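What you see is a predicted model; the values in this text were computed from it and never measured.
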Amino acid sequence: MPMGTKYRVVGQLNFDAAGYLLRVDGGGTWRLDLGLRSWWLARRWGGQRVVVFGMREGFDTLSVKRIERCDPRQS
């Protein structure tokens with residue numbers, strides 16, 4: 001997919017030495033480039049299922065525009 005593509009991705013929010021990442025349902029991982037508000041929410045929601053809205057910035061990086069806790073009914 002080309003850079004600049006918009007994404008809505010569901011998965012588990014995790015943290016490693018390089019920063020925040022999203023382990024996507026069904027496999028795969030995105031590194032997350034978080035703004036201040038998204039970073040604040042990510043600190044509280046680590047280890048939980050979330051929905052991330054953002055744009056592709058690199059091979060495996062999403063520039064996060066919005067992050068929400070996942071409603072159990074969402075997929």
Side-chain angles (χ1 to χ4, degrees):
M1 288 290 182
M3 292 194 345
T5 304
K6 293 180 182 180
Y7 283 86
R8 175 193 173 274
V9 188
V10 178
Q12 183 174 351
L13 182 64
N14 292 306
F15 183 81
D16 70 2
Y20 285 94
L21 50 101
L22 184 71
R23 297 205 188 279
V24 180
D25 297 347
T29 302
W30 285 101
R31 297 223 165 262
L32 302 178
D33 180 14
L34 301 168
L36 182 59
R37 184 175 187 285
S38 296
W39 173 81
W40 181 255
L41 293 172
R43 288 181 51 216
R44 296 186 350 209
W45 295 343
Q48 297 182 35
R49 287 178 45 78
V50 296
V51 181
V52 174
F53 299 87
M55 294 185 79
R56 185 174 181 180
E57 202 175 77
F59 174 73
D60 65 347
T61 305
L62 283 180
S63 177
V64 177
K65 302 301 179 199
R66 191 170 85 220
I67 187 170
E68 301 173 354
R69 252 193 304 192
C70 190
D71 183 330
R73 296 171 296 210
Q74 287 178 320
S75 57

How long is the gap from CG on D60 to CD on E57, to the nearest 0.5 Å?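 The CG atom of D60 sits 10.5 Å away from the CD atom of E57.
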
Value rounded to 0.5 Å, distance of NZ in K6 from NZ in K65: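 Here the interatomic distance stands at 9.5 Å.
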
Residues in salt bridge (charged side-chain N to carboxylate O under 4.0 Å, His left out) contact with R66, at least two apart in sequence or another chain: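 If we apply the salt bridge (charged side-chain N to carboxylate O under 4.0 Å, His left out) test to R66, skipping adjacent residues, the hits are E68.
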
Please name the pair of heavy atoms, one in R49 and one in V10, separated by the smallest distance, quoted to 0.1 Å.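 Minimum heavy-atom contact is NH2-CG1, 3.3 Å.
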
Shortest non-hydrogen contact from G11 toward D25: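 That closest heavy-atom pairing would be CA-OD1, 3.7 Å.
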
Does the side chain of [Y] come within less than 4.5 Å of [X]'s, by heavy atoms?
X	Y	result
D33	V64	no
M55	Y7	no
W30	V24	yes
L32	T61	no

Stepwise side-chain contact (heavy atoms from CB on, under 4.5 Å) check, V9 with L22: CA-CA 9 Å; V9 188; L22 184 71; 3.6 Å; yes

Counterpart residues, side chain to side chain contact (heavy atoms under 4.5 Å, CB included), relative to N14 (two or more places apart):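 Counting only residues at least two positions away or on another chain, N14 forms a side chain to side chain contact (heavy atoms under 4.5 Å, CB included) with Q12, L21, R23.
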
Filter on side-chain hydrogen bond (donor to acceptor under 3.5 Å, both in side chains), then keep only pairs touching residues 35-48, sequence neighbours left out; what's left?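 For residues 35-48, and leaving out neighbouring residues, there are no side-chain hydrogen bond (donor to acceptor under 3.5 Å, both in side chains) pairs at all.
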
